[in-house]
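Here it is: the structure, laid out below.
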Amino acid sequence: MAEHKILLVEDSEALRVVLAEKLHDEKFEVFEAGGGEEGLKLAEEHRPDVVITDIVMFPMDGLEMAKRMREMGAWGENVFIIALTNQNNTEEEERLKDLRLNAYLVKADTSLDDVVKHVKELFKKKKK
């Protein structure tokens with residue numbers, strides 16, 4: 001059994017499958033969702049250590065999903081959340097303030113290896 005659980009919420013199936021595979025290769029247990037509502041259900045069920053989410057998804061976007069997760073008691077307040085998006089964060093600045101995201105990664109500027117590296121860095125912080 002994997003030491004850490006990751007929830008990957010991405011509406012682009014191609015990206016989700018490739019990134020999930022990369023995370024599996026690193027021995028993470030990965031749960032996949034194609035949208036915010038499904039992601040929220042999986043989060044409630046599995047209480048992952050890290051949530052990686054796209055922002056622009058319908059009907060529930062990644063920021064609304066993150067907001068609802070933050071309201072899920074102690075787990076939600078402490079879960080690591082990484083936004084992996086094509087959005088420039090200045091467009092969403094107001095909504096981002098209260099979410100306490102652990103990373104905001106722009107897809108065009110971030111390789112899959114970079115995403116894995118960010119996840120590993122979060123686990124190093126957690127151990128301290």
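What's counted below: heavy atoms across the whole structure, side chains too, no hydrogens, waters or symmetry copies. Residue indices begin at 1 and follow the sequence shown.
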### Query
For A108 and N86, which heavy atoms make the closest approach, and how far apart are they?
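Looking at all heavy atoms of both residues, the shortest contact is N-OD1, 4.1 Å.
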### Approximate separation, where rounding is to 0.5 Å, of R47 CZ and M69 CE
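These two atoms lie 10.0 Å from each other.
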#### Entry: For K67, side-chain contact (heavy atoms from CB on, under 4.5 Å) partners two or more places apart
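Scan of K67 (side-chain contact (heavy atoms from CB on, under 4.5 Å), adjacent residues dropped) gives E64, E71, L99.
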### Task
Kindly compute the distance separating CD (E26) from CD1 (I6), expressed to the nearest 0.5 Å.
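Those atoms lie 9.5 Å apart.
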### Message
I'd like to check the side-chain contact (heavy atoms from CB on, under 4.5 Å) partners of D11; sequence neighbours left out, ordered by chain and number.
### Response
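If we apply the side-chain contact (heavy atoms from CB on, under 4.5 Å) test to D11, skipping adjacent residues, the hits are D54, M57.
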### Message
If I compare all heavy atoms of I81 with all of A66, which pair ends up nearest, and what's the gap?
### Response
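So the two residues come closest at CD1-CB, 4.0 Å.
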### Query
So, are E77 and R100 salt-bridged, with charged N and O less than 4.0 Å apart?
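No.
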### Query
Any chain of hydrophobic side-chain contacts (each under 4.5 Å) joining L15 to F28?
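Yes, same cluster.
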### Query
What are the two closest heavy atoms between L42 and A33, and how far apart are they?
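It is CD1-CB, 3.9 Å.
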### Message
Walk me through whether D61 and V56 qualify under side-chain contact (heavy atoms from CB on, under 4.5 Å).
### Response
CA-CA 5 Å; D61 72 14; V56 181; over 6 Å; no
### Message
Quick check for you: to the nearest 0.5 Å, what is the distance between L84 atom CG and T53 atom OG1?
### Response
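Going from the CG atom of L84 to the OG1 atom of T53 covers 9.0 Å.
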### Task
State plainly whether the residues K107 and E10 are in salt-bridge range, i.e. N to O under 4.0 Å.
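Answer for the salt bridge query: yes.
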### Task
Examine distances only and state if a side-chain atom of D25 and a backbone atom of K22 form a donor-acceptor pair shorter than 3.5 Å.
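Flag not set: sc D25 to bb K22 has no pair under 3.5 Å.
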#### Entry: Evaluation steps, side-chain contact (heavy atoms from CB on, under 4.5 Å), between E121 and K117
CA-CA 6 Å; E121 286 172 6; K117 191 170 106 183; 3.6 Å; yes
### Query
F31 and V116: same hydrophobic cluster, using ILVMFWY side-chain contacts below 4.5 Å?
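Different hydrophobic clusters.
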### Query
Any Lys/Arg nitrogen of K5 or E29 sitting under 4.0 Å from an Asp/Glu carboxylate oxygen of the other?
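No.
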### Query
Can you tell me how far the CG atom of L7 sits from the CE atom of M65, to the nearest 0.5 Å?
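These two atoms lie 6.0 Å from each other.
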### Task
Could you tell me the separation between the CG atom of N78 and the CZ atom of R70, rounded to the nearest 0.5 Å?
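Interatomic distance, N78 CG to R70 CZ, rounded to 0.5 Å: 8.0 Å.
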### Query
Roughly how far, to the nearest 0.5 Å, is the CD1 atom of I82 from the CG atom of L101?
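Spacing of CG (L101) from CD1 (I82) equals 9.5 Å.
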### Task
Please work out whether the ring planes of F123 and F80 are parallel, tilted or perpendicular, with thresholds of 30° and 60°.
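The rings of F123 and F80 stand perpendicular, inter-plane angle above 60°.
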### Query
When hydrophobic residues are tied together by side-chain contacts of less than 4.5 Å, even through go-betweens, does L122 share a cluster with L105?
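Same cluster: L122 reaches L105 through Ile, Leu, Val, Met, Phe, Trp or Tyr contacts under 4.5 Å.
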#### Entry: Steps toward side-chain contact (heavy atoms from CB on, under 4.5 Å) verdict (V115, L19)
CA-CA 9 Å; V115 176; L19 184 52; 4.0 Å; yes
### Query
Does one hydrophobic cluster hold both I55 and V79, with members joined at side-chain heavy-atom distances below 4.5 Å?
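Both belong to a single hydrophobic cluster.
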### Query
Stepwise, does the side-chain contact (heavy atoms from CB on, under 4.5 Å) test hold for E21 with V30?
CA-CA 9 Å; E21 204 171 282; V30 182; over 6 Å; no
### Task
Check whether L96 and V9 end up in the same hydrophobic cluster, where Ile, Leu, Val, Met, Phe, Trp and Tyr are linked by side-chain heavy atoms less than 4.5 Å apart.
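Yes; tracing contacts between hydrophobic side chains, which count when under 4.5 Å, links both residues.
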### Query
In this structure, are over 12 heavy atoms from other groups packed under 6.0 Å from D98 atom CG?
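It does not: D98 CG has 12 such atoms or fewer within range.
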### Query
Counting distance only, does the side-chain N/O of W75 pair as donor-acceptor with the main-chain N or O of D49 below 3.5 Å?
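Checked: no pair found.
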